[in-house]
Amino acid sequence: MSAIEKNKIARDGYVFISIIFYVTGLLHMLWLGAAPMAVCIVGGIILISYGIIKVIGYFSNDLYCLAFQYDMGCGLFLVVIGVIILGCNLRIQPYLMPGLGLLILLDSLMKVQTAREAMAFGLKSWILLLFLSILAGAFGVLIVIMPFQKLRIVHVITGCGLLAEGAMNHLMVKEMVKIMNARLASD
């Protein structure tokens, strides 16, 4: 597989995962009665998929080398967590929300660093990535500490966190992954 093909797979995979985050965020806000087993299975599959896409991204050669620079370790971690969730199902279910908050927080902090490095490259979209990273990080913290008691508010906060995560990833891959032309990739 060529570097260009890996880069396209990673870019398209990030867009796909961003759409998954949008959909799951909206569903989480609107559908309060999801079966816990279904949440575990779907969550595990999403994490494994996201991890695989991150690992592929790490091995792609995007022009700026910004978007995927932290994705090897993070991707492997997501795959392992996804497998644990699929294997342990309901035993791990009480830890899913705080774990999701921590994952969103971690990813947002990595994107803060990516935004800073994008600023050094002169990319104008760095400020929007920084804003979305801070927003996603704030939702991540709220999901971890969950200071709200009403189930509806918990679902809205979690859904907003997933939407912010999707928007942050979507912007990052749209603005910072540039596919080199075939001549540059072969050099």
Side-chain angles (χ1 to χ4, degrees), residues 9-10 12-59 67-114 132-173:
I9 290 170
D12 295 345
Y14 260 84
V15 170
F16 175 73
I17 288 295
S18 295
I19 292 167
I20 295 295
F21 281 132
Y22 298 147
V23 170
T24 55
L26 290 172
L27 284 175
H28 199 75
M29 285 192 272
L30 300 173
W31 189 24
L32 301 179
M37 182 64 103
V39 170
C40 289
I41 291 170
V42 170
I45 291 169
I46 290 171
L47 288 176
I48 291 169
S49 302
Y50 191 25
I52 291 168
I53 289 166
K54 281 185 165 287
V55 170
I56 291 170
Y58 179 80
F59 287 108
F68 308 125
Q69 60 186 331
Y70 308 110
D71 281 4
M72 173 64 126
C74 189
L76 293 173
F77 178 74
L78 289 172
V79 169
V80 170
I81 294 297
V83 169
I84 290 170
I85 290 171
L86 285 176
C88 295
N89 290 322
L90 296 178
R91 284 185 296 159
I92 202 158
Q93 204 246 344
Y95 307 105
L96 287 181
M97 283 302 170
L100 175 65
L102 287 173
L103 289 173
I104 291 172
L105 178 60
L106 175 64
D107 201 25
S108 70
L109 293 174
M110 288 183 193
K111 298 295 189 301
V112 166
Q113 186 170 347
T114 300
L132 288 173
S133 300
I134 292 169
L135 181 66
F139 280 117
V141 168
L142 286 174
I143 293 168
V144 170
I145 64 172
M146 205 46 75
F148 310 103
Q149 299 301 318
K150 288 189 173 184
L151 183 63
R152 184 79 177 129
I153 295 173
V154 169
H155 276 263
V156 169
I157 295 293
T158 305
C160 288
L162 289 165
L163 290 171
E165 174 75 12
M168 178 181 67
N169 282 318
H170 200 160
L171 174 74
M172 188 259 326
V173 79

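Along the sequence shown, the residues carry numbers beginning at 1.
When all heavy atoms are compared, the tightest approach of Ile143 to Gly161 is CD1-CA, 4.2 Å. Between Phe139 and Ala164, the shortest heavy-atom contact is CD1-CB, 4.2 Å. The two residues Ser108 and Ser133 make their nearest non-hydrogen contact at CB-O, 3.1 Å. When all heavy atoms of Val154 and Phe148 are compared, the pair lying nearest together is CG2-O, 3.7 Å. Among all heavy-atom pairs drawn from Leu78 and Lys54, the shortest one is CD1-CD, 3.6 Å. The minimum heavy-atom distance linking Phe21 with Thr24 is given by the pair O-OG1, 3.3 Å.
Residues Val144 and Leu105 are not in side-chain contact: their nearest non-hydrogen atoms beyond the backbone lie 4.5 Å or more apart. At a threshold of 4.5 Å between non-hydrogen side-chain atoms, the residues Met168 and Glu165 count as touching. A heavy-atom distance below 4.5 Å is not found between the side chains of Asp12 and Phe16. Here the side chains of Leu163 and Met29 are in contact, with some heavy-atom distance below 4.5 Å. A heavy-atom distance below 4.5 Å is found between the side chains of Lys111 and Asn169. Looking at heavy atoms from C-beta onward, Ile41 lies in side-chain contact with Leu86 at the 4.5 angstrom threshold. Residues Ile52 and Ile56 meet the side-chain proximity criterion, which asks for heavy atoms closer than 4.5 Å.
Atoms CG and CG, from Asp107 and Leu103 in turn, are 8.5 Å apart once rounded to the nearest 0.5 Å. Expressed to the nearest 0.5 Å, how far CD1 of Ile20 lies from CD1 of Ile46 amounts to 6.0 Å. One distance of note links CG of Leu100 with CD1 of Ile81; it measures 12.0 Å at 0.5 Å rounding. Atom CG in Leu96 sits 5.0 Å away from atom SG in Cys40 (nearest 0.5 Å).
In terms of modelled atom types and a separation under 3.5 Å, the side chain of Arg91 and the main chain of Ile85 share no donor-acceptor contact.
In this pair, Tyr50 and Tyr14 present their aromatic rings perpendicular. The plane angle is above 60°, beyond the 30 to 60° band.
Evaluation of the side chain to side chain donor-acceptor pair (under 3.5 Å) rule for Tyr22 yields His170 as partners, not counting sequence neighbours.
Residues Asn89 and Gln93 have side chains that never bring a donor and an acceptor to within less than 3.5 angstrom of each other.
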